[in-house]
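Report on the following structure.
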Protein chains: 2
Amino acid sequence: MSSPSTPARGRPARLDPDRTVGTALELLDEAGLDALTMRRLADALGVQAGALYRYFATKQDLLTAMAERMLADAGTPPAAAATPDADWSERLADLARAMRAALLARRDGARVFAGTHSTGPHTLGFAETMIGVLREAGFDDRDAAHTLMAVANFTVGHTLEEQAALRPGSGDPADPERLCQAVTVTPGRFPHLATALPTLTGTDFTAGFEFGLRVLVQGLRTLDRTGHRHGYAAGHGGGGRERS
Amino acid sequence: MSSPSTPARGRPARLDPDRTVGTALELLDEAGLDALTMRRLADALGVQAGALYRYFATKQDLLTAMAERMLADAGTPPAAAATPDADWSERLADLARAMRAALLARRDGARVFAGTHSTGPHTLGFAETMIGVLREAGFDDRDAAHTLMAVANFTVGHTLEEQAALRPGSGDPADPERLCQAVTVTPGRFPHLATALPTLTGTDFTAGFEFGLRVLVQGLRTLDRTGHRHGYAAGHGGGGRERS
DNA sequence: ACCTGAACACCGTTCAAGT
DNA sequence: ACCTGAACACCGTTCAAGT
């Protein structure tokens, strides 16, 4: 069990960044973001709170490292990785789905991600993959960058709402009951909203996510056609793999 | 100046919800969300911190009231209000622009809004107006509700990034320098990202917002054509005002 | 009815001192 | 080098008591 390339010289070091982030993510799943405290995390690690600051200058840095690890493998979703010759729009959608899945995998995952700006390899790799798909499809730099931001913003925003609505009515009651009551208490004031209430307070978040994804992809497709100056247009039907 | 219908009987009441929210918004603009403390707000109001809890059961409730007031008049943007016979897509885009403008108008406005779930008249009125525009254009309940969420999520997500990037590099350095350095420090690892860097780290946020808006609207337009069961299709060109 | 004063149970962060 | 112990400067929230 003694790995030969261990550079540890002095004591075994009970604390290291990897274990700290791992325990922090476990604590997040158990107690939620609001209960994720430097003191509580230190307790779970069997250490004093001050010790955490030897590896993370600030709590924000710890949260950023957590967000970075959450996105592991999100840049290489199984579907898109297994079918590199698929339609660009399907690869794009799969990347967005992988991101949503990564955020949903942990309690308050979207909130953690939205509050940080990781520049780690996983986060950057995700962006790299997505921009790569778009550029191969003929998008120029500007459009690819803007598309990345639009899809990522939609995905994070959606998952934020999804996780807010799913947790029990603690401090900030999400849509379910509060919205319903507020609308129906004034019968004639919000007629259109009242009609749309069943969908808005429904629990089929996947349907809403797929709707937005479909709308975005369709919009991008028309952009591809009517468009600007593209060197080559691809992905109009289904095949058309392109190399180099 | 003594309004006849004032129900105040005892003392003038130095504190009231309206003034409290107003002062809180001023404090937000001056110091930012992280510095908006119940104690500091109480100081600005010339009162003890505990007194705030007679009108707001929790700080979250105060933030919700702030978010609600921010959205005042966002449901009736000048452009869309002045031209009720305009294309539905232009009215939709104007509503999104009004929402972005409302959030940008105050420091950390997007962060305050994203962290709350107001069910007040302004927030509900905004949703009502948007769903109304969509239903008049022929969208069914489900599509209208999903579109509202997609547009709102994109707008909030975009403005969140915009305000994060605009403020000085305090605790959480946004894109400008950090991202640039992280990408360029490993030359060959993120080639596509590196190409898109100028746009991603650029400061023309309006261009990025309008891009996403255009993509969403175009996607919704194709949905309108290929679509489902619509009673009537409208807004395909420009005119076509419809009443009752 | 409305607010004060003071406390309760915490926070993130720092830093001498130990080992 | 790595962690402890203890402090600093705060938090949100509650609640008897005053006026």
Side-chain angles (χ1 to χ4, degrees), chain A residues 5-24 27-28 30-67 108 111-112 115-116 169-173, chain B residues 5-24 27-28 30-67 108 111-112 115-116 169-173:
Chain A
S5 63
T6 303
R9 192 60 54 90
R11 238 158 309 173
R14 307 147 60 190
L15 217 50
D16 69 295
D18 275 8
R19 189 168 90 91
T20 303
V21 171
T23 305
L27 195 57
L28 181 72
E30 291 168 13
L33 179 57
D34 294 332
L36 179 63
T37 294
M38 293 302 262
R39 287 169 209 262
R40 265 199 266 257
L41 174 57
D43 260 21
L45 288 162
V47 105
Q48 291 297 112
L52 296 171
Y53 291 84
R54 201 152 299 265
Y55 300 100
F56 299 95
T58 187
K59 186 186 183 182
Q60 188 69 244
D61 283 7
L62 205 228
L63 289 168
T64 302
M66 292 167 66
D108 292 330
R111 244 166 99 205
V112 171
T116 57
S170 58
D172 190 68
Chain B
S5 62
T6 303
R9 192 62 53 89
R11 239 159 310 176
R14 306 148 60 189
L15 217 50
D16 69 294
D18 275 8
R19 189 167 91 92
T20 303
V21 171
T23 306
L27 196 56
L28 181 72
E30 291 167 14
L33 180 57
D34 294 333
L36 180 63
T37 294
M38 293 304 261
R39 287 169 209 264
R40 265 199 266 258
L41 174 57
D43 260 22
L45 288 161
V47 106
Q48 289 298 112
L52 296 171
Y53 291 85
R54 199 154 299 266
Y55 301 101
F56 299 95
T58 186
K59 186 185 183 182
Q60 188 69 245
D61 283 7
L62 204 229
L63 290 168
T64 302
M66 291 167 67
D108 292 329
R111 244 166 99 207
V112 170
T116 57
S170 58
D172 189 68

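Letters go in sequence order (proteins before strands), and every chain restarts at 1. In what follows, every heavy atom counts, from backbone to side chain, and hydrogens, waters and symmetry copies are set aside.
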Atom [atom1] of [X] and atom [atom2] of [Y]: how far apart are they, to the nearest 0.5 Å?
X	Y	atom1	atom2	value
Thr23(B)	Met66(B)	OG1	CE	10.5 Å
Asp108(B)	Leu36(B)	CG	CG	9.5 Å
Lys59(A)	Leu41(A)	NZ	CG	9.5 Å
Leu33(A)	Leu27(A)	CG	CG	10.5 Å

Restricting to non-hydrogen atoms, name the atom on [X] and the atom on [Y] that form the minimum distance, rounded to 0.1 Å.
X	Y	answer
Leu52(A)	Met38(A)	CD1-O, 3.2 Å
Tyr55(A)	Leu15(A)	OH-O, 3.1 Å
Phe56(A)	Thr20(A)	CE1-CG2, 3.7 Å
Tyr53(B)	Thr58(B)	CE2-CA, 4.3 Å

- Message: Tell me whether the side-chain N/O atoms of Thr58(A) come closer than 4.0 Å to OP1 or OP2 in dT13(C).
- Response: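 Looking at the OP1 and OP2 atoms of dT13(C), one of them is under 4.0 Å from a side-chain N or O of Thr58(A).
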- Under 4.0 Å: is that the gap between some side-chain N or O of Arg40(B) and OP1 or OP2 of dC10(D)?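 No, outside the criterion.
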Roughly, in whole Å, what's the span from [atom1] in [X] to [atom2] in [N]?
X	N	atom1	atom2	answer
Asp34(B)	dG12(C)	CG	P	13 Å
Leu33(B)	dC11(D)	CG	P	13 Å
Lys59(B)	dT14(D)	NZ	P	14 Å
Leu62(A)	dT13(C)	CG	C1'	13 Å
Gln60(A)	dT13(C)	CD	P	9 Å
Asp61(A)	dT13(C)	CG	C1'	13 Å
Leu41(B)	dC3(C)	CG	P	13 Å
Leu52(A)	dC11(C)	CG	P	13 Å

- Task: Please determine, for the side chain of Leu15(A), which listed nucleotide (dG12(C), dC3(D), dC11(D)) has the closest atom?
- Result: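 Minimum distance to the Leu15(A) side chain belongs to dC3(D).
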- Message: Please pick, from dC11(C), dG12(D), dT13(C), the nucleotide with the shortest atom-to-atom distance to any side-chain atom of Tyr53(A).
- Response: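 Comparing dC11(C), dG12(D), dT13(C) against the side chain of Tyr53(A), the answer is dT13(C).
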- Query: Mind pulling the stems DNA chain D is in, i.e. runs of at least three Watson-Crick or G-U pairs, everything under 3.5 Å?
  - Reply: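 Correct response: C:4-8 with D:12-16, C:12-16 with D:4-8.
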Give every pair of a protein N or O atom and an N or O atom of nucleotides 4-8 of chain D that lie under 3.5 Å apart, one pair per line with the distance.
from: dT4(D); atom 1: OP2; to: Gln48(A); atom 2: N; distance (Å): 2.7

- Message: Using a 4.0 Å heavy-atom cut-off, does Tyr55(A) contact any base of the nucleic acid, only the sugar-phosphate backbone, or nothing at all?
- Response: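 Contact class for Tyr55(A): sugar-phosphate only.
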- Message: Suppose you measure atom P in dC10(D) against the same atom in dA9(C); what distance do you get, rounded to whole Å?
- Response: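 To the nearest whole Å, 22 Å.
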- Task: Just grab all the side chain to side chain donor-acceptor pair (under 3.5 Å) pairs involving residues 32-41 of chain A, residues at least two apart or on different chains.
- Result: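 Counting only pairs at least two positions apart or across chains, the side chain to side chain donor-acceptor pair (under 3.5 Å) contacts touching residues 32-41 of chain A are Asp34(A)-Arg111(A).
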